[in-house]
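Please read the structure below before turning to the comments.
In what follows, residues are counted from 1 in the order of the sequence shown.
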Amino acid sequence: MDAPGTSSRTVAAYVDFELAARVAARLVPAGPRAGRDEIAHAVGELRAAAAGAAEPVAATAHLRRDPAAAPEPPALVVDRASWARANVEAFRGLLEPVAVPAPPDGRAPRPGSRAERAATAVGRRTTGGEMGALLAFLSSRVLGQFDVFSGVDAGGPGRLLLVAPNVVQVERDLGVVPADFRRWVCLHEEAHRLQFGANPWLRRWVTDEARGLSADLLANPRDLGERLAGVLRGLPDLLRGDAADAGAGAGLADLLQTPQQRERVRRLVAVMSLLEGHADVVMDDVGPRVVPTVATIRARFTERRRGRGTLDQLTRRLLGLDAKTRQYADGARFVRGVLDRVGWDGLNAVWQGPASLPAPEEVADPGAWVRRVHG
């Protein structure tokens, strides 16, 4: 924390990340009932499925890990509370370096004063509690996740997380073959790990863009607590590709005040759409070779997305989560459109660097991207 009188502090001064982890652990819903042997079997199968997904995913995508990159650790199979805690750690690592400007004179208590310390302490608890509650809600809905931010500043690899109770719950709900469903989930998440492992610059780019956007949104010191809470609500959704095409996740859209901010968000959303669509296409192309019942799984999983109850649909809409389905679809259409024109090797020009990533308009018009990149 900066000394009294300095012009800014980092986000860490305004968010109680430890409280976020405790709140999330306390509020996570209970998982499905399962005996010790069933749990152990599911964990073992998920670990094996993640390891077995690496080669077919790489072969289908025509991508290989950068040999100079740090070795990838095995997938972590976690429960809901551990997933939430891992995400608190990830967002702490992402947001702690972001500077928050101090309010101008006369708009807040004097820096370092008792009133200022008290106001900051209350704000830290409020934002930490809100972050924990949001992650607790999301903890029952995530099947797997590649954690981009862990270790990024130290040059370490990301982490692949598989949420065992959620996988078990969904496979029961769908009535599908458990071993096949676990392989299917791992294909998608392994595709994400490969995207970043084959292109190490991409993790740095996503991290820098997310930090830059956060700093930009917090640059206006008015109503800092509300603005910071909005960033904490909206940034996780945005970085999972859950933001709407012209705005962002719940809380974040309200903070966009300038055309430059809106364009920055659209640019990041376009890249998240590419990543999700690419993973979905790879998963569907590999699936028939390694998942015997993939057609049944895909059909029932898609129907499940449509068949949610009214309350659940409303909740997802309010949190900005329904847009994720659109991000999968938009990104997959882009990837398929490029593949139809130039094949996998032509598509992989998208990973050459930031200039090769699709612009928002190109996600909807893959031919425009092909013309720009391939001539």
Side-chain angles (χ1 to χ4, degrees), residues 10-34 39 42-43 46 75-98 120-152 158-170 185 189 207 210 214 225-243 248-252 311-312 314-322 324:
T10 68
V11 169
Y14 298 95
V15 183
D16 189 335
F17 289 102
E18 295 299 329
L19 177 63
R22 293 196 300 273
V23 168
R26 187 165 66 248
L27 296 182
V28 291
R33 292 179 178 273
I39 293 171
V43 169
L46 282 168
L76 292 174
V77 183
V78 298
D79 60 16
R80 291 170 174 176
S82 298
W83 176 86
R85 189 179 311 114
N87 274 267
V88 170
E89 294 169 3
F91 281 99
R92 185 205 296 255
L94 172 68
L95 294 171
E96 271 190 333
V98 176
T120 298
V122 171
R124 289 184 78 244
R125 290 194 293 272
T126 300
T127 51
E130 183 165 351
M131 184 183 202
L134 174 62
L135 289 173
F137 173 82
L138 294 174
S139 70
S140 64
R141 285 158 167 74
V142 176
L143 299 178
Q145 173 193 5
F146 180 70
D147 175 4
V148 173
F149 304 120
S150 293
V152 65
R159 300 183 295 184
L160 181 58
L161 307 175
L162 300 167
V163 190
N166 297 346
V167 173
V168 170
Q169 183 66 66
V170 173
V185 169
E189 301 309 329
T207 301
S214 299
E226 292 181 13
R227 296 176 69 81
L228 182 56
V231 169
L232 293 176
R233 283 193 300 270
L235 194 59
D237 298 341
L238 173 63
L239 295 174
R240 283 192 305 275
D242 290 337
L252 194 56
L311 179 59
D312 189 68
L314 176 61
T315 303
R316 291 175 64 83
R317 228 174 271 126
L318 290 173
L319 287 173
L321 302 181
D322 252 4
K324 190 171 184 71

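With values rounded to the nearest 0.5 angstrom, Gln145 atom CD is found 9.5 Å from Leu138 atom CG. Atom CZ of residue Phe146 and atom CZ of residue Arg159 lie 10.0 Å apart, to the nearest 0.5 angstrom. Distance check: Leu19 CG to Arg125 CZ gives 8.5 Å after rounding to the nearest 0.5 Å. Atoms CG and CG, on Asp147 and Asn87 in that order, are 6.5 Å from each other to the nearest 0.5 Å. Taking CZ of Arg141 as the start and CH2 of Trp83 as the end, the distance is 11.0 Å to the nearest 0.5 Å.
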Next on the checklist: side-chain contact (heavy atoms from CB on, under 4.5 Å) for Glu89 and Phe149? Distances and angles first, verdict last.
Outcome noted: CA-CA 9 Å; Glu89 294 169 3; Phe149 304 120; over 6 Å; no
Item to check | Trace of the salt bridge (charged side-chain N to carboxylate O under 4.0 Å, His left out) decision for Glu18 with Arg92 | outcome: CA-CA 10 Å; Glu18 295 299 329; Arg92 185 205 296 255; 2.6 Å; yes
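Of all heavy-atom pairs spanning Thr207 and Val148, the tightest one is OG1-CG1, 4.5 Å. Across all their heavy atoms, Pro29 and Ala136 have their closest contact at CD-O, 3.6 Å. Closest approach of Ala210 to Leu94, counting heavy atoms only: CB-CD1, 3.9 Å.
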Taking distance alone, no hydrogens or angles, what donor-acceptor pairs closer than 3.5 Å link side-chain atoms of residues 161-169 to residues at least two apart or in another chain?
{"from": "Asn166", "atom 1": "OD1", "to": "Arg80", "atom 2": "NE", "distance (Å)": "2.6"}
{"from": "Asn166", "atom 1": "OD1", "to": "Arg80", "atom 2": "NH2", "distance (Å)": "3.0"}
{"from": "Asn166", "atom 1": "ND2", "to": "Ser139", "atom 2": "O", "distance (Å)": "2.6"}
{"from": "Asn166", "atom 1": "ND2", "to": "Val142", "atom 2": "O", "distance (Å)": "2.7"}
{"from": "Gln169", "atom 1": "NE2", "to": "Asp173", "atom 2": "OD1", "distance (Å)": "3.0"}

